[in-house]
Amino acid sequence: MKLSPDEVRYVAELARMSLTSEEVERFARGLSSILDSFDMLTEVNTDGVPPTTHPLSLQNIFREDIREPSLTLTDVVANAPQKEGGFFKVKPVL
Amino acid sequence: MCLTISQAREALRKREISSVELTQRFLSRIEEVEGRVSALVTKDVDLALSMASAADEDIREGNISPVTGIPMMVKDVILTKGTRTTCSSRMLSSFIPPYDATVVEKLREQRTVILGKTNMDEFAMGSSTENSAFFPTHNPWNLECVPGGSSGGSAAAVAAGETVYSLGSDTGGSIRQPASFCGIVGLKPTYGRVSRYGLVAFASSLDQIGPLTQDVADSAVVLSAISGYDPRDSTSVLYDVPDYTQFLIPDLRGMHIGVPQEYFALGIDPEVQRTMQDAIWEMKKLGADISETSLPHTKYALSCYYIIAPSEASANLARYDGVKYGFSYGEGKDIWENMGKTRGLGFGPEVKRRIMLGTYALSKGYYDAYYLKAQKVRTKICQEFEEAFKKYDCLVTPTSPTAAFRLGEKVDDPMKMYLSDVCTLPVSIAGLPAISLPCGLVHDLPVGMQIIGRPFGEGDILHAAFAYEKATKWHELRPKDIDSDAWVTSN
């Protein structure tokens, strides 16, 4: 399988990650050889085999739904690059 | 000689040294060697000394836990409230966590002393610590070699005597492989044994925190200190935590050990093979019942891992959007341009490669062929281990196919780099516990043996490792490159 530069740009768009044109070229070459190596998995017969969801097939354990102390608003936005009045501040979305 | 937890605790208990004095000695050791090793991203002298004096107060009151007053380091992927946590990434280079990881909270309660945060491959993605956005770490045994990764800083610091012990994280081998390269002991617990709360997520179905220590007894001490169910991590498990030091028995009679042949066909250096044969012979002499076994799906683990881990990573790393915390590009016309540039400029090459791989594997039309197929093959790998553990208490393999390689040697060839974890990946995929401990030298560099246990069989692997270590003493060898006669313990 050979990834085209357009396919690389499409995947980068899905990941919301801007790439330089050199990176697009490099990933088109480099990712293809890694993806090729995955082909060996087709040798394994997995008919009727369930996919793993938890390596030890344990179930999630949930706590009681009781209110507990949590981070303060000040702590939550403390690391925000831009904030205003306890809110995260962003550029226009639409 | 480096100081173990047991030695330090004795000295503290007998009041031969205070925790503040001990901490100062390690701070000056850091001054002495850090210029050559570069294991630390952040050193926090004030924090260390204040924790040490609090520990001294506890010791005066006779209130001593197994780690009270003992200096340690934390891999920079584990959150420390008020102390910068970077994941060795430009993305988080000034991030100050508002809360502690559960393991850190536990160790604070037990009055250990945090010296600083250790260097790593960016977001724990890598096998050499060369993917750190800041600087590479050097192997104390040979400064031109890598310390392994991704917990390379944690391993190198222990080997260089900059700390008594450290914490690392292991997703596909990131505790065991650097422990092997640096000639120390590293343990990856069973998935669910240790809380992941406050561990910056890489691949959530694989990540575990574990100890890097001078010897096996210390590994048992730290594992007991950090294990246990945590309501804040719903994948942590309700099983009781035993005192793991009770498994340190210097005799292997009655223990059944399997040697899976496939692990010796994974491009293993012949010298490493020879070392392993000697180690297996040694375990036989200690009374273990050892036989060869076969795990035919071993060779598929690498592909399986490099689909599953990047897929989970691509989802986990979606949180770095330049809005909530971390690096942010702010010059774009709208939020989407800012987000794209933030991620394009904030992540390094290997992190981008894995996000791309994972996004591709999960994208429309490819999900069944890659992710779903890999999770099915994963089930087969798990089942194969399950069968083996009906017959054996432990399995023994090399930790990595080679000893430490040179800086720069594999950095341009991701597939070559990935092969360095070929012996540790299958174990991670099955969520099993495993320990790496020194079992010899090859070209003056340490080699590690991996002992794998059944789920929650940490006691068995500590038992096997302790008996072997006691009989061979490979762990007492220390790097020459970095050692100085001035550093001798008081006992």
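Each chain gets a letter, A, B and so on, in the order the sequences are listed, and its residues count up from 1.
Nearest heavy atom pair, residue B:Ser94 against residue A:Asn79, reads O-OD1, 4.0 Å. What you find for B:Gly326 and A:Pro81 is that their closest heavy atoms are O-CG, 3.7 Å. Closest approach of A:Pro50 and B:Thr379 over heavy atoms only: O-OG1, 2.6 Å. Residue B:Arg343 comes nearest to A:Ala15 through the heavy atom pair NE-O, 3.0 Å, listed as atom of the first residue, atom of the second, then distance.
With a 4.5 angstrom heavy-atom cutoff, B:Thr342 does not touch chain A via any of its atoms. For a residue to count as touching a neighbouring chain, one of its non-hydrogen atoms must lie under 4.5 Å from one of that chain's; by this rule A:Val49 touches chain B with backbone and side chain alike. Heavy atoms of B:Ser428 lying under 4.5 Å from chain A are absent altogether. When heavy atoms are compared at a cutoff of 4.5 Å, B:Thr359 approaches chain A by way of both its backbone and its side chain. With a 4.5 Å cut-off on non-hydrogen atoms, B:Asp334 touches chain A through its backbone and its side chain both. With a threshold of 4.5 angstrom between heavy atoms, B:Lys333 approaches chain A through N, CA, C or O but not through any side-chain atom. Looking at B:Ile429, only its backbone comes within 4.5 Å of chain A, counting heavy atoms on both sides. Using a 4.5 Å cut-off between heavy atoms, A:Glu13 does not touch chain B at all. With a threshold of 4.5 angstrom between heavy atoms, B:Tyr229 approaches chain A through side-chain atoms but not through N, CA, C or O. Of the two parts of B:Ala318, neither the backbone nor the side chain holds a non-hydrogen atom closer than 4.5 Å to a non-hydrogen atom of chain A.
Counting heavy-atom pairs under 4.5 Å between each of A:Leu41, A:Thr72, A:Asn45 and chain B puts A:Leu41 at the top. Ranked by heavy-atom pairs under 4.5 Å with chain A, the list B:Leu357, B:Ile381, B:Asn338 is led by B:Leu357. Interface summary for chain A: among B:Gly431, B:Gly344, B:Ser303, the most heavy-atom pairs under 4.5 angstrom belong to B:Ser303. For chain A, the option among B:Leu317, B:Ile335, B:Leu345 with the highest count of heavy-atom pairs below 4.5 Å is B:Ile335. Heavy-atom pairs under 4.5 Å with chain A were tallied for B:Glu337, B:Met339, B:Arg353, B:Gln383; the largest tally goes to B:Arg353. No other option in A:Leu14, A:Val8, A:Ile34 has as many heavy-atom pairs under 4.5 Å with chain B as A:Ile34.
Atom-to-atom distance recorded for A:Asp75:CG and B:Ile96:CD1 is 12.0 Å, nearest 0.5 angstrom. Interatomic distance, A:Phe38 CZ to B:Tyr306 OH, rounded to the nearest 0.5 Å: 9.0 Å. With rounding to the nearest 0.5 Å, the separation of OG in B:Ser363 from OH in A:Tyr10 is 6.0 Å. A distance of 7.0 Å separates NZ in B:Lys373 from OG1 in A:Thr42, rounded to the nearest 0.5 Å. Between atom CG of residue B:Asp321 and atom CZ of residue A:Phe88 there is a gap of 9.0 Å, rounded to the nearest 0.5 Å. Between the OG atom of A:Ser37 and the OH atom of B:Tyr418 there is a distance of 9.5 Å, given to the nearest 0.5 Å.
Looking only at side-chain heavy atoms (C-beta outward), B:Met356 and A:Met17 come within less than 4.5 Å of each other. A 4.5 Å side-chain heavy-atom check between B:Tyr360 and A:Leu31 finds every atom pair outside the cut-off. Side-chain contact between A:Leu19 and B:Lys352: present, with at least one pair of heavy atoms (C-beta onward) separated by less than 4.5 Å.
Donor-acceptor pairing under 3.5 Å is recorded for the side chains of A:Glu43 and B:Tyr300.
More than 12 non-hydrogen atoms from other residues, nucleotides or ligands lie less than 6.0 angstrom from NZ of A:Lys83.
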Begin with the C-alpha distance, continue with both residues' side-chain angles, and end with the deciding distance and a verdict on side chain to side chain donor-acceptor pair (under 3.5 Å) for A:Thr46 and B:Lys380.
-> CA-CA 8 Å; A:Thr46 51; B:Lys380 302 223 28 156; over 6 Å; no
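Counting only distance, with no hydrogens or angles, the side chain of A:Lys91 and the backbone of B:Gly332 share a donor-acceptor pair below 3.5 Å.
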